[in-house]
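First up is the structure itself, then whatever we jot down about it.
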Number of protein chains: 2
Amino acid sequence: MSFQPITQIKTAITVDFGVIILRYVIFVIDYIYTCYCLYGVKLYKQKDRCALPQPMEGPSKQQESLAFMTNIKKVSELAGVSTATVSRTLKNPELVTENTREKVMKAVQLAGYRPNWLATSVKTGKSNSIVVLVPNLVNPFFMRIIEGIEQAAQEKGYSVLLGDTQGKANRENEYASMVLTNRADGLIQLDHSFPFSANDAALAEKVPMVSVCERIEGERRYPFIELDNYAAGRALTHHLISYGHSRFGIIAGQRTSQIHHDRLAGIKSVLNEEGIDFSEDMLVGGSYRIETGIEGVQELLKRDTPPTAIFCFNDDIAIGALYELKRQGLRVPEDVSLTGFDNVKVSAYMDPPLTTVDQPAYEMGRRAVDVLIQLINRQPLSRTREILPFQLLERGSTGPAKA
Amino acid sequence: MSFQPITQIKTAITVDFGVIILRYVIFVIDYIYTCYCLYGVKLYKQKDRCALPQPMEGPSKQQESLAFMTNIKKVSELAGVSTATVSRTLKNPELVTENTREKVMKAVQLAGYRPNWLATSVKTGKSNSIVVLVPNLVNPFFMRIIEGIEQAAQEKGYSVLLGDTQGKANRENEYASMVLTNRADGLIQLDHSFPFSANDAALAEKVPMVSVCERIEGERRYPFIELDNYAAGRALTHHLISYGHSRFGIIAGQRTSQIHHDRLAGIKSVLNEEGIDFSEDMLVGGSYRIETGIEGVQELLKRDTPPTAIFCFNDDIAIGALYELKRQGLRVPEDVSLTGFDNVKVSAYMDPPLTTVDQPAYEMGRRAVDVLIQLINRQPLSRTREILPFQLLERGSTGPAKA
DNA sequence: GTTCCAAATGTAATCGATTACAGTTTTACG
DNA sequence: CGTAAAACTGTAATCGATTACATTTGGAAC
């Protein structure tokens, strides 16, 4: 440390102190103004306020122009070489002398150079992005898949564009068209619809696309990765029948989807084998929401012979159903058994914990990316469909049928 | 329809039929092979199999080259105009004659032309993308924010790059650097850490960045949007004290974050006013997970005087705590009152429903995008921080303290 | 039929990279 | 030391757009 006379330090401290006070005053004024805008005057009582955060320097700095964008040309001049050499140093260092490499790297460091990704992409014709179409972001099951997608994509140098479609066709169209405009190299569809607009359908022919969990209706050109929903439907039914149930209810999600049909077919096939009649009366619901579970139970309990066991086609529905059954004074599983689907995290912590079907969601997401990248690179696929095994988790929400 | 002699139709049908049969056979072989790979031989019983999906044409078509990429030059040749005119027709149609416009549009249609987004972006220097850093995708609270972000971004012509950081610094660094390489124009941080690596810190100075829910620790340059956590802490405490509680426990999430400090300060301030001592013993936990709630309850119940009311710093923790309290034979709220935070969907359907603090998550996401886009466009901000109001939802998990 | 001006269109530079090809230096070896 | 081959570096074309500037066209006014 360098020597400083005492007086100088004192001055410095005084000045600093002044600045701090000044900033604080400015901050307090701004803060009060903020509160005023948000709450009106009433809430200003000091004790209801948050611990005051540090004063801010404000956005002034951010008003300046984006001066930090250095390009390859500046670096090349700084290093005294051509742009080609700079590019090579960064992409194929083995083509460049140790000596030059050092010079260039020093210049890169000095200039704070980061290659413009847009320029690289336009030259190579690859965006290294994939777009994922999700019908519902808040469903933790979908998010688990996307976690897998994200992880796998990142490992392979791809980034993920999020397309929250809310099940709406026009939003799907918009996101899907990103692949047609080079904004993304490929597409993962978590819903069951064909995401391209009629206008783009011809172009869509050659687009790398994979669907996960669902199959795209009427489309046989795209690979898919899904659970063995038919077998899962059978397993659940066997499980309930082994407990002596014979009066069933089903609260379905999206009834137009492939997985709906598969699960239903699985259930029906076992009922058939066991000599239990299936009737359309047993089937209610139409979306994968908690409210569907509530309404479904209400409807099913109105039947002449209400069910003693209810299949819910996802855990959210089951959560709603459980809530409503309890509200109506019925006990689970003593009065009614209940099964979910997906094994979302909370399902294990409900009261009672839900019997459900575990899907390897994370793994499905990862596989989808693998397959998609193969499609993007025009590599031959070893398989165009993958049907993954499930696991039936028997927990507290199912039990023996009432005598 | 054109006339066709009967015999010809018959032949066509026969051929078609042959093709279908052939495809079906190929499909079945492939299907069996798939099953073999996935399950082994045992599970082949026909009745355990899914309803057979339609035969697929396989990936052969997708092996072809990406021939559909038409560029502006081809369109210009097709229309017999210059590339400039094509560009103008699409971006500034008012600069072009009706006549030319028609010609060009026809050519665009014919060629199936979609402008290359990468090229446009490199020219204009704007990627029209923003990257969102999320510590945890599966948390529905975060996803609600992202829903808002996504929606607002889409409306303004931006797309959202998903950065699942899992709270890891190196992943944050990687995603944050997307803004430095023109891959994204701005950054929304949902966690409380400064996402840039030390290396990039100098460049980060001028990057458009906003944080939501959390403030970035030690950083005063970036705007933030958050809940009035201090006031929320106070409100929850008042609520519990009004029920006569005086022995409290707190199960916290990330203890290093700003919101943690704010909430805790709010709780402490009320305890102080009411003459209740705060001790570090009351505070357990350290992450926003269900397991934290379980472990937290176990720990708190070991105390000499276990709490009669427990603050959980998010709903997941509360769900875990509720589960564990019940498992230990305690009733909620008769024996122990419990509060959550965030108001995730399921919290209302727990047994009992959770008393919690509602955050306007969707709206916060939307606001974040508004602010970020202002930063990106170098527009002056009217306010560099926004503190949004909360709502205390009193539900079944809180009640009078045991006498 | 000129003249003039505005509108429409074309030419060519540009964005920031990559890379084929050409030119230069270094190395290896007789 | 000379020569060929190998290794390195530079020049300039290229990716697919946008846009400043130059040129052409069209129509109105006289």
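All values below come from the heavy atoms of this structure, side chains included, with hydrogens, waters and symmetry mates left out. Quick note on labels: first sequence line is chain A, next is B, and so on, each numbered from 1.
- By the side chain to side chain contact (heavy atoms under 4.5 Å, CB included) test, Q109(B) pairs with N199(A), sequence neighbours left out.
- K91(B) comes within 4.0 angstrom of the backbone, heavy atoms only, and of no base.
- For the pair E77(A) and K74(A), the salt-bridge criterion is not met [side-chain N within less than 4.0 Å of a carboxylate O].
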- Note on the structure: Contact string for nucleotides 6-11 of chain D, one letter per nucleotide 5' to 3', B = base within protein heavy-atom range under 4.0 Å, S = sugar-phosphate only, - = neither, reads --SBBB
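- Bracketed by its first and final contacts, the part of DNA chain C lying under 4.0 Å from non-hydrogen atoms of chain B reaches from dA8(C) to dC15(C) in 5' to 3' order.
- We find the CD-CD distance between Q151(B) and Q166(A) to be 5.0 Å, quoted to the nearest 0.5 Å.
- Remark: E174(A) does not engage K168(A) in a salt bridge, criterion side-chain N to carboxylate O under 4.0 Å.
- Among the protein residues, S87(A) comes within range of the nucleic acid bases, having at least one heavy atom under 4.0 Å from a base atom.
- Summarising the geometry of P195(B) relative to N173(B), their closest heavy-atom pair is O-ND2, 2.8 Å, with the distance given to 0.1 Å.
- Of the possible polar contacts, one joining the R171(B) side chain to the D164(B) backbone as a donor-acceptor pair under 3.5 Å is found.
- In terms of modelled atom types and a separation under 3.5 Å, the side chain of N182(A) and the main chain of W117(B) share no donor-acceptor contact.
- You'll find the side chain of K126(A) reaches within 4.5 Å of the side chain of N377(A), heavy atoms only.
- Over its length, the helix from dG1(C)-dC30(D) to dG30(C)-dC1(D) turns its helix axis by 40°, as judged from the five terminal pairs at each end, rounded to 10°.
- By the side chain to side chain contact (heavy atoms under 4.5 Å, CB included) test, L78(A) is found to be paired with A107(A), L110(A), A111(A), residues two or more places apart in sequence or in another chain being considered.
- Residues in residues 142-190 of chain A take part in no ring pair (Phe, Tyr, Trp, His ring centres under 6.0 Å) pair, two or more places apart or across chains.
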